Amino acid sequence: MDRGTERGAPPSRGAGNGAADGPAATGRVPLAVVVVDRDGMVSHWSRGASRLFGAAKEEAIGRSAADLLPVSGALAEQDTPPYGMYAAYDGLGPDLESSLDGGLSYPAAGRARLTVPGADRVDVLWWAYPLVGPGRERLLVLAADAGALRRDLDLDEGTVAVERIAPAFALHTDFPGAEELARRLPEILPSMSVGESARIVAQILELGYPVMEFSQNDRVPVTPDWGVPRRAERRARRELAARAAAEGLPLPQDVLDEGEDLEYVAVRERLEFLNEVSGRIGTSLDLSRTIVEVSRAVVPRFTDVAGTYLREQVVAGEGFPDGVPDTTTMWHRVALEHTDEPGRWDDVVPVGEAMPFPAHTPFFQCMTTGEPVLVPRISEQMGHAIASQFEKRDIRPLITGRSMLVVPLKARNVVLGFMILLRHPERVEFNDMDRVTGAELAARAGLVLDNARMYTFQESVAETLQDSMLPHIPPRMAGCDIATRYLPGTLLGRVGGDWFDSVKLPGARTALVVGDVMGHGLNSAAMMGQLRTAVQTMAALDLPPAQLLRNLDDLAQRLGDTYLATCLYAVYDPIASELHIANAGHIPPVIVRAGDGRSELLDLPTGAPIGVGGVPFEAVRVRVAPGDRLLMCTDGLVEVRGEDIGVGLATLTESAAHPAASMDDACDAIIRALNTRGGRKDDVALLMARLNGIEPDDVAEWRISPDPVEAGRARAVVREQLHDWGLGRLADGAELMVSELVTNAVRHSHSRPVELRLVRGDSLLCEVDDDDHDLPNLSSAGPTDEQGRGLRVVSTLAREWGASRTKAGKTVWFELTLPRR
């Protein structure tokens with residue numbers, strides 16, 4: 001836009017600039033902007049306002065807005081408008097007067113005749129938008145010269161094509177609060193789309209003064225009633241129609257035409273409103289967000305207050321509500337939007353409250369019949385009846401005298417909730433057409449809410465399934481401390497297939513596992529559960545890492561060729577200070593060395609993902625030292641769309657090296673470091689293990705020949721070792737249980753010597769190995785039976801016990817709690 005236009009010359013027809021260009025734009029005219037504060041004084045007076053109203057900015061700021069917008073008064077009945085028909089109010093009108101003095105809290109628009117000093121009376125179009133939220137500003141008034149608009153559009157008299165206009169803002173505005181106004185523009189122009197608001201905001205910050213943009217495709221949030229005759233003329237036509245009906249005469253054609261035109265305009269207005277609302281709700285499947293969208297879609301254009309109530313099962317994300325609501329049904333107030341002063345409703349009807357509704361209320365009638373209920377005005381008596389259910393809170397001042405429409409939120413013929421719509425006493429009452437519009441609005445909103453409810457329910461089922469499958473890992477295992485974290489993804493269907501696990505193995509070893517089933521949702525979560533169970537089972541068989549992954553790959557092939565997963569499986573031997581690791585397409589683990597604090601990614605053979613089939617896996621052994629930390633995670637932590645995964649791995653490696661007060665603090669620090677980059681969509685599984693090791697002095701081993709007399713030697717060496725460790729109080733119980741296990745091992749051993757091991761750590765671990773692959777079972781021994789009591793003794797005296805197969809045979813073990821020092 002050139003400087004000539006900026007100084008006031010109206011752009012030519014079809015002119016445009018920047019975002020305003022496009023097939024919809026047909027022209028622009030300058031627009032005056034006046035901002036009124038809460039005292040009714042002018043706080044902003046644009047250059048366009050100075051041109052249109054004849055007062056300089058210095059004269060206007062701080063003065064009463066009503067004084068600066070002088071009106072010549074309503075046109076006399078004999079006056080003939082120079083073109084077209086006037087709006088409902090020919091002067092400043094009670095609509096703008098009410099807006100200026102704060103009497104209206106909803107947008108209004110109209111047409112006025114202003115007397116400007118030194119000029120003729122000017123025909124002006126105006127819009128008034130109440131400003132909501134904190135701050136001194138109360139009202140935004142936009143105005144344009146109707147004559148200039150008519151000249152620019154080259155309209156004939158009486159045309160109504162100019163109904164389709166959209167007030168917009170040009171850029172480089174001189175309004176000091178332009179950025180704040182731009183931020184709040186979607187609130188004060190509530191029916192404009194997000195894209196349209198963004199375009200207007202962009203213009204505010206670049207050009208220089210407000211303009212009015214008109215087109216054949218856009219519509220204004222509040223449109224002056226240009227095509228409707230004046231009230232006096234409409235009243236005369238109604239009287240003429242009444243006389244004609246009383247005398248049995250045919251109606252004049254202009255009266256018939258007016259009825260048809262008015263009906264067409266009203267229906268078109270309702271359809272446009274419903275289409276706009278449909279486009280603004282249901283933008284996501286998040287139930288909370290959908291609730292807010294539904295409430296905000298109708299305020300302030302259709303109503304001034306909108307309270308949304310949902311049944312308890314819907315709010316909880318449970319299954320579809322059963323049965324017809326009754327007086328015991330609990331309804332949760334999930335949203336409340338209004339145009340009153342901030343905080344007026346918060347204490348009386350807070351969001352989140354749950355309550356039933358008595359049978360005598362219109363709300364009960366709506367929710368039981370599933371039909372809208374219209375109350376033209378809430379009387380004192382009805383206001384008292386409604387307020388009686390609010391203990392110690394007087395709601396009557398908020399509702400008495402207002403028009404109310406209660407509409408049901410239904411889906412599949414079941415009432416999910418309802419909306420209470422209220423209009424201020426100064427606003428026109430709800431009518432039958434509003435009832436139909438509200439019912440259609442509620443029907444669309446009900447479907448959207450039900451979609452969100454079903455998604456929330458399915459997501460809740462998936463999350464419950466996933467939570468039940470994620471293990472509760474003890475923080476301490478033999479020779480290591482463990483900390484874990486799980487974060488759900490941010491994608492739709494964010495439940496995924498990430499998991500971690502730890503399994504106790506013979507020889508005081510621990511298996512550490514992290515896996516990731518590709519995809520999201522119930523199928524991935526179910527597949528994750530199957531693979532995790534399979535890993536636990538095969539780990540209990542003490543399969544080597546490479547063989548375990550191979551068997552897991554075979555299982556995935558049998559489950560179906562659509563499943564793929566990555567997996568990292570490590571076995572930590574705290575006595576040998578060694579990790580035995582195999583990788584199936586997973587990101588490598590990080591090792592943090594205790595000696596110098598250096599961290600590095602372990603260089604492992606990557607392998608193919610589980611489910612590819614026919615690919616060998618290779619395991620490597622890594623020496624570790626006491627205090628080293630092993631970090632295993634899924635790619636959701638390090639992978640961000642549009643960014644090389646190497647960046648995330650580098651950040652992971654660096655953050656893992658930072659010292660922390662505890663394992664939990666270390667995990668939290670890593671999560672914070674990786675999440676601050678933004679863009680994370682996938683779920684995350686994180687497992688950190690501090691490899692403390694077990695000192696040689698805390699391990700005692702003996703080889704016992706397969707001879708029954710050796711059980712006595714086993715009892716003796718165990719008693720002696722426990723006394724050397726200062727654990728003499730455990731000697732009696734440990735000696736008895738060792739005797740039973742060694743006796744069983746000697747009896748079932750084939751040729752290899754029995755191995756007995758004691759490990760002192762957080763508990764006392766005793767293991768007995770033999771070369772028999774049959775696992776022992778608890779049995780019930782009778783009074784005369786000579787066998788079958790050994791494992792019963794062990795299960796009674798031990799804190800924990802178990803048996804597992806090994807490559808050479810089996811291991812039977814038990815643990816005892818160490819006495820407090």
Side-chain angles (χ1 to χ4, degrees), residues 287-288 290-292 294-295 298 303 305-338 345-375 378-396 398-400 402 404-422 435 438-439 441-443 445-461 464:
L287 182 59
S288 300
T290 302
I291 290 170
V292 173
V294 169
S295 302
V298 295
T303 186
V305 181
T308 305
Y309 291 76
L310 293 179
R311 293 177 74 168
E312 195 167 21
Q313 299 95 322
V314 178
V315 176
E318 298 175 356
F320 207 82
D322 295 326
V324 178
D326 55 30
T327 55
T328 65
T329 302
M330 296 299 292
W331 300 89
H332 289 250
R333 189 181 304 111
V334 294
L336 182 65
E337 294 291 328
H338 62 87
W345 289 78
D346 296 348
D347 294 334
V348 182
V349 284
V351 172
E353 183 180 32
M355 60 193 306
F357 285 94
H360 64 269
T361 61
F363 320 118
F364 184 84
Q365 178 184 348
C366 172
M367 67 192 186
T368 53
T369 64
E371 299 295 332
V373 176
L374 173 61
V375 180
I378 298 177
S379 63
E380 293 282 350
Q381 181 180 2
M382 177 175 287
H384 179 76
I386 294 175
S388 62
Q389 61 191 300
F390 292 85
E391 298 181 0
K392 299 180 181 180
R393 290 172 288 171
D394 190 2
I395 196 176
R396 287 175 296 177
L398 295 175
I399 62 175
T400 303
R402 298 197 181 194
M404 180 172 68
L405 179 62
V406 186
V407 293
L409 299 170
K410 296 191 299 184
R412 292 178 281 170
N413 294 322
V414 174
V415 176
L416 303 177
F418 57 89
M419 295 184 71
I420 302 174
L421 310 177
L422 297 171
R435 186 207 302 262
L441 165 69
L447 290 176
V448 170
L449 286 170
D450 190 48
N451 287 338
R453 180 201 62 81
M454 289 191 295
Y455 175 78
T456 301
F457 174 67
Q458 293 174 358
E459 190 177 61
S460 176
V461 170
T464 301

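This one's a predicted model, so the numbers in the text were calculated from it and none came from an experiment.
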Kindly list each side-chain donor-acceptor pair under 3.5 angstrom involving residues 356-364, sequence neighbours excluded, with atom names and distances?
{"from": "Thr361", "atom 1": "OG1", "to": "Pro358", "atom 2": "O", "distance (Å)": "2.8"}
{"from": "Thr361", "atom 1": "OG1", "to": "Phe364", "atom 2": "N", "distance (Å)": "3.3"}

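With contacts defined as side-chain heavy-atom distances shorter than 4.5 Å, the pair Val298/Leu421 qualifies. Put simply, the side chain of Tyr309 reaches to within 4.5 Å of the side chain of Ile420, judged on heavy atoms. The shortest distance between side-chain heavy atoms of Phe418 and Val407 does not fall below 4.5 Å. By the 4.5 Å heavy-atom criterion applied to side chains, Val375 and Ile378 are counted as neighbours. For the pair Val415 and Leu409, the minimum side-chain heavy-atom distance is 4.5 Å or more. The shortest distance between side-chain heavy atoms of Val314 and Leu449 does not fall below 4.5 Å. Between Pro408 and Met367 the shortest side-chain heavy-atom distance does not fall below 4.5 Å. The shortest side-chain heavy-atom distance between Arg435 and Leu405 falls under the 4.5 Å cut-off.
Here the NE2 atom belonging to His332 is positioned 11.5 Å from the CZ atom belonging to Arg311, to the nearest 0.5 angstrom. With rounding to the nearest 0.5 Å, the separation of OG1 in Thr308 from CZ in Arg333 is 11.0 Å. In this structure, the separation between SG on Cys366 and CG on Leu374 is 11.5 Å, given to the nearest 0.5 Å. The CE atom of Met382 lies 14.5 Å from the CZ atom of Arg396; values are rounded to the nearest 0.5 Å. In this structure, the separation between CD on Glu337 and OG1 on Thr303 is 11.5 Å, given to the nearest 0.5 Å. Expressed to the nearest 0.5 Å, how far NE2 of His338 lies from CG of Leu422 amounts to 11.5 Å.
Side chain of Lys410 to backbone of Ala443: no donor-acceptor contact under 3.5 angstrom is found. A donor-acceptor distance shorter than 3.5 angstrom exists from the side chain of Asp326 to the backbone of Thr329, with no hydrogens or angles considered.
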Could you go through the side chain to side chain contact (heavy atoms under 4.5 Å, CB included) check for Arg402 and Val305 one step at a time?
CA-CA 10 Å; Arg402 298 197 181 194; Val305 181; 3.2 Å; yes
Between Met404 and Ile399, does a side chain to side chain contact (heavy atoms under 4.5 Å, CB included) hold up when you go through it step by step?
CA-CA 9 Å; Met404 180 172 68; Ile399 62 175; over 6 Å; no
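Summarising the geometry of Trp331 relative to Gly417, their closest heavy-atom pair is CZ3-CA, 3.4 Å, with the distance given to 0.1 Å. The minimum heavy-atom distance linking Ala387 with Asp394 is given by the pair CB-OD1, 4.5 Å.
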